[in-house]
2 protein chains.
Amino acid sequence: MKINELIDSPSELTDTAASKSAVVLMTRIRLARNLAAQPFPGWAREAQKKEIRDQCMQAVAALPQMKRGLAIPVESLDELQKQILVERHLISRELCHAKSGSGIVISKDQSCVVMVNEEDHLRIQVLRAGFQFKKVWNTINALDSDLEEHLDFAFSPNLGYLSACPTNLGTGIRASAMMHLPALVISSQMEKVVRAVNQLGMAVRGLFGEGSDASGSIFQISNQTTLGESEEEIIKHLHGVLNTIIEQELNAREKLIETDPNKLFDKIGRAFGILQNGHLLNSGEAMNLLSLIRLGIDFGVFADTQRAVVDRLFIECQPGHVQHAAKGSFDPNQRDVLRASRLRSEFAKLPPPDFTSAAK
Amino acid sequence: MKINELIDSPSELTDTAASKSAVVLMTRIRLARNLAAQPFPGWAREAQKKEIRDQCMQAVAALPQMKRGLAIPVESLDELQKQILVERHLISRELCHAKSGSGIVISKDQSCVVMVNEEDHLRIQVLRAGFQFKKVWNTINALDSDLEEHLDFAFSPNLGYLSACPTNLGTGIRASAMMHLPALVISSQMEKVVRAVNQLGMAVRGLFGEGSDASGSIFQISNQTTLGESEEEIIKHLHGVLNTIIEQELNAREKLIETDPNKLFDKIGRAFGILQNGHLLNSGEAMNLLSLIRLGIDFGVFADTQRAVVDRLFIECQPGHVQHAAKGSFDPNQRDVLRASRLRSEFAKLPPPDFTSAAK
């Protein structure tokens, strides 16, 4: 598979057939692994890095799960291609800036990715649309075991898997869910939720990880500790916290519709009107409008079949995807025009919102 | 004609058949007149005021122009009825607050109004949709002459017609045009225009006269001097100034579409989307959105037949009209719901904006 072919294929997240849930957009687990007897990427010399990369990429690409996928050195990708992979949550922003000696292997269905020589030698990642930790864990656990048959991972009986940064030591696991929490945002409860989640040892981040903002009311919630618990315990713990957040979000939705339905309908209605008629939309505003449409779908204001469309647009309205679709490089203002044009044509097909069932 | 019948009839401004123009929404002239040998309303005792009112209302109501119109003491009107007459630009806010002894005579087509015992004994007013000073002047001049045959006006050979406030002395005329100037507002030129207009001896006011804001980018421009020039000269002078403002507004529109059409289309498109889908709209926002639709009509984005609809909605989205339509008294939040509901149903019928001809 070539990079352009991959970019033009539906990803796990843009595939309209993928299963979707009301609050959890995506489940993701990544494992940090390093080769024994090799310096970490930050310490390795140019030649060593390339040697590590070749060894890792070869082993990863040979896995049955990666059959007919993409295996490519990062330096072969142009800026737009890298940006598109970031927007699909396949690679990190950090990897984009990596000098030479890094690589990426992506499965054909874009649900499994291995970043080579990012912070660690290997960052194995599996993601799935919806709330599916069991499935994701089984997949990544198998990937990890299969890889371990061909690569010698740095492992200490006391500490577990070794990693470049001590925060990943032990299991090397980071499990996360991308959650859509518009009602908690609208009712100004997010700050309280973040505080509580932090106290439970979990981290809350924006759409594109550390330091990114939460446009579209989308948050990534993940474990912080990787040491002292098994992978299953970490996932179970996170799962419990996520269920509590889901409950709080659903309660906040109930409350919104009970206390001031017109205020909510106004927000959802205006979002639809602007998406259907706007001519300039930056990605932040587009995300926020799409977020309200998704909330409308959950309230039965729009057909359930639209959820997959909105989830796809969450990704396709990002700057890289907008430029790719328009086949060129465009400045932010031109992108706003292109994005609005794209969203207008997507929303022109939709029947108008119907608030009758929501207002029951 | 009864007040409720009048309220339920189309006025000159809400009549969809009335002729409309691109920039001038309405032309209006009023004359201040007082009876000789009677104290001004501010000085008259209760009994005198009633005597003056009876005499004036009788004379006015007997005019052929007022045949089958409405003649009513202000104290017979409830608050909502008065508010509706203000919103139709038929009476002043001041008259609403008048104690006893004031009256109103309105012609059947709601184009001629005489306020009795407002600031002066008689405030004769004629208004017409569009830019029609000649027609309005001919009508009011005839009204004034006819009235003078039955009433003895206070007149000084040196000063002209006497008035309660010296700013109305002489001709007692105030000629004004209600102008829709969205492009001058969008391009931040209105302040400059107001300064220039003031220097030419004209006043610029908001939609509902002195001290009101210019929501909907609607401004009233009128003469300030009433002394030392004939009525015809005053009107001619104002006419010239208005033509200059029209030209500036049209230039500003050209510039908007030339320099950044997408920004303009975005504003017009969003306005349409919000009017079609909003659930909470206060009158200020409604006016501003309707203003953008009217601009869209002028650019050919919407059908020309919609101009009369928008001009009617400018008035029907005011608080009094909203409450009258819903047959009750409602607080501001409820009115915002009712207004949005009304606008949604009006705009649901409209075909979507078509920017192709505007973008030429």
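Basis for what follows: all heavy atoms, side chains included, without hydrogens, waters or symmetry-related copies. On a predicted model such as this, the values are computed, not experimentally measured, just so you know. Lettering of chains follows the sequences in order, A, B, ..., and the numbering in each one begins at 1.
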Review point. Looking at L264(A), V337(A), D336(A), which one has more heavy-atom pairs under 4.5 Å with chain B than the rest?
Key: V337(A)
Check your understanding: Are the charged groups of R93(B) and E79(B) less than 4.0 angstrom apart, N to O?
Key -> no
Review point. Is the shortest distance from a Lys or Arg side-chain nitrogen in R307(A) or D311(A) to a carboxylate oxygen in the other one below 4.0 Å?
Key: no
Point to revise | Side chain, backbone, both or neither of K263(A) within contact of chain B (heavy atoms, under 4.5 Å) | key: both
Review point. What's the spacing between I186(B) CD1 and S291(B) OG if we round to 0.5 Å?
Key: 7.0 Å
Revision key, fill the gap. Ranked by heavy-atom pairs below 4.5 Å to chain A, first place among L280(B), N262(B), I274(B) goes to L280(B)
Exercise for review: Taking atom types as modelled, find out whether E87(B) and H321(B) have a side-chain donor-acceptor pair closer than 3.5 angstrom.
Suggested key: yes
